[in-house]
Chemist: 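The following block contains the structure, expressed as structure tokens.
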Number of protein chains: 2
Amino acid sequence: MRRLAYADRRAELVDAAIRVIAREGLAGASTRAIVAEADMPLGAFHYVFGTRDELVTAVIDQITEQERLAAWIDAGPTDLEDVLVRGLEGYLRLLESDPTRELVLLDVAAHAVRHDPDAVQRQWATYRAGAESSLRYAAELADVRWTAPLDEIAWSFASALDGLTLTWLTGRDGEAARRHIRFLARSFAALAIPRSAQEAPDAH
Amino acid sequence: MRRLAYADRRAELVDAAIRVIAREGLAGASTRAIVAEADMPLGAFHYVFGTRDELVTAVIDQITEQERLAAWIDAGPTDLEDVLVRGLEGYLRLLESDPTRELVLLDVAAHAVRHDPDAVQRQWATYRAGAESSLRYAAELADVRWTAPLDEIAWSFASALDGLTLTWLTGRDGEAARRHIRFLARSFAALAIPRSAQEAPDAH
DNA sequence: GTCTATAATGGGATAGAC
DNA sequence: GTCTATCCCATTATAGAC
């Protein structure tokens, strides 16, 4: 019964690969560099993965599982705009404290858009789903109701997060990012109304 | 006087490199592939560029020069929101008609964030400057005035464009993108007031 | 000056020893 | 089953022929 050991190896290789990509980028993540990081012989690689591309796909799936919007600060009920600001600032702090995490994501996504479009599509769908549940929770905290279909708002929110990430990564301007966050929070908050309110009879 | 021929070669190599990256990604853009695309002998490469990284930097600079927001449709004066929608939809059409252009950008940026941060910073600064002048022009068309410093709005706008691009590239959902554009236009239009109006005495 | 031919390296994959 | 040693290919860069 070496099945467990096999799964362990696979997991260790994926983790090692992510560490290498974080340090050196995807281009530097050779099979040799990865097994060195995992402290395994080279043979172990092709024992677990048929090919290098297989590993990259495994890396994508692994990254996808990690939740992007981990830390919504839920200190009591408040204004929706405040909730959104705090949530987005939590994300920005995460980004600032470990940029490599999103750097890996960017690197792998740039590769996968060409070589494994399905995996990328799954990945971004997962992000949108995460955004959706976060937004649902935020509205609950603030006791408001979204005035547009939540999946559409989530698409916009996830897109805004992509933009915030990419722009910050290319410039590392925390102040500008925080100003932008306040703008985002205001813009999204405008899509909700008090839960008790009558439906506005106009629509868009 | 072969100086001109030298510059021509350089330009041709950069263009060839961009075509190869568009087709195969940065990883596939080997010196050999590039000179083959340019129909030159391999020796010509190192005659012009000392190293491959030098070429990549040249590619970044070349891409940066191309304006991102080329086509603001300026058919007469209208609502700011309409102007923004038309401008963003113009960009989206451009993106849809030639996704490889932004794909190259993404690929090169992912590489350069690690290997040439200054070049990336210059690049994104250029985008922000482009956004700034586009927004200035849009306000003129709609006869409104921005209520926040234009460079801050431009930061947000460029970031929104990054997000739109990345999210579309990963999912290719044009309908969702167009819904998102309407949301963006509404959000940014909320940052402007009629040019004649008194300054609102509250500020943020 | 231009390019061919080659050196030197590092890569993915595998055959076969243990 | 596990890993060492090796194959073979592609790459960057260069040395030297034209």
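Note that this is a predicted model, so its numbers are computed, not measured. Throughout, a chain's letter reflects where its sequence line sits, starting with A, and its residues are numbered from 1.
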Chemist: Indicate whether OP1 or OP2 belonging to D:dT14 is found under 4.0 Å from a side-chain N or O atom of B:H46.
Modeler: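 For B:H46, the contact criterion (side-chain N or O under 4.0 Å from OP1 or OP2 of D:dT14) is not met.
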
Chemist: Whole angstroms only, please: what is the CD-C1' distance between B:E24 and D:dT11?
Modeler: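 Distance, rounded to whole Å: 15 Å.
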
Chemist: Roughly how many Å is it from CG in A:D53 to C1' in C:dG12, rounded to a whole number?
Modeler: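 Going from A:D53 (CG) to C:dG12 (C1'), I get 11 Å.
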
Chemist: Could you state the CZ-P distance from A:R32 to C:dT9, rounded to the nearest angstrom?
Modeler: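 Taking CZ of A:R32 and P of C:dT9, I get 14 Å after rounding.
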
Chemist: For the pair made of CZ in A:F45 and P in C:dA15, what is the distance, rounded to whole Å?
Modeler: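 Nearest whole value for this atom pair: 17 Å.
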
Chemist: Tell me the interatomic distance from B:M40, atom CE, to C:dT4, atom P, rounded to whole angstroms.
Modeler: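 Rounding to the nearest Å, CE of B:M40 and P of C:dT4 are 13 Å apart.
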
Chemist: What about A:R52: does its side chain form a donor-acceptor pair under 3.5 Å with the base of C:dG11?
Modeler: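 Per atom types, no contact qualifies.
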
Chemist: Could you tell me whether B:E152 and A:R178 have a side-chain N and a carboxylate O separated by less than 4.0 Å?
Modeler: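 Looking at A:R178 together with B:E152, the answer is no, because their closest N to O distance does not fall below 4.0 Å.
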
Chemist: Atom CG of B:L55 and atom P of D:dT11: how far apart are they, to the nearest Å?
Modeler: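 It works out to 15 Å between those atoms.
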
Chemist: At less than 4.0 Å, is any side-chain N or O atom of A:R9 found next to OP1 or OP2 of D:dG1? Yes or no.
Modeler: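 Looking at the OP1 and OP2 atoms of D:dG1, neither is under 4.0 Å from any side-chain N or O of A:R9.
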
Chemist: Taking only N and O in the side chain of A:T51, is any of them less than 4.0 Å away from OP1 or OP2 of C:dA13?
Modeler: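 So the side chain of A:T51 is within the cut-off, an N or O lying under 4.0 Å from OP1 or OP2 of C:dA13.
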
Chemist: If you only use heavy atoms from C-beta on, which nucleotide in C:dG11, D:dG1, C:dT2 is closest to the side chain of B:Y47?
Modeler: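 For the B:Y47 side chain, the nearest candidate turns out to be C:dT2.
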
Chemist: What are the two closest non-hydrogen atoms of B:P117 and B:V113, and how far apart are they?
Modeler: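 Closest heavy-atom pair between B:P117 and B:V113: CG-O, 3.8 Å.
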
Chemist: Is it true that a side-chain atom of B:R52 and a backbone atom of B:A29 form a donor plus acceptor pair closer than 3.5 Å?
Modeler: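 Checking the backbone N and O of B:A29 against the side chain of B:R52, a donor-acceptor pair under 3.5 Å is found.
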
Chemist: Donor-acceptor pair, A:S159 side chain versus B:G163 backbone, under 3.5 Å?
Modeler: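 The answer is yes, because a donor-acceptor pair under 3.5 Å joins these two groups.
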
Chemist: What is the distance from CD1 of A:I34 to C1' of C:dG12, rounded to the nearest Å?
Modeler: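 For the pair A:I34 CD1 and C:dG12 C1', the rounded distance is 11 Å.
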
Chemist: Whole-Å distance between C:dG1 P and B:D8 CG?
Modeler: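 Interatomic distance, CG of B:D8 to P of C:dG1: 17 Å.
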
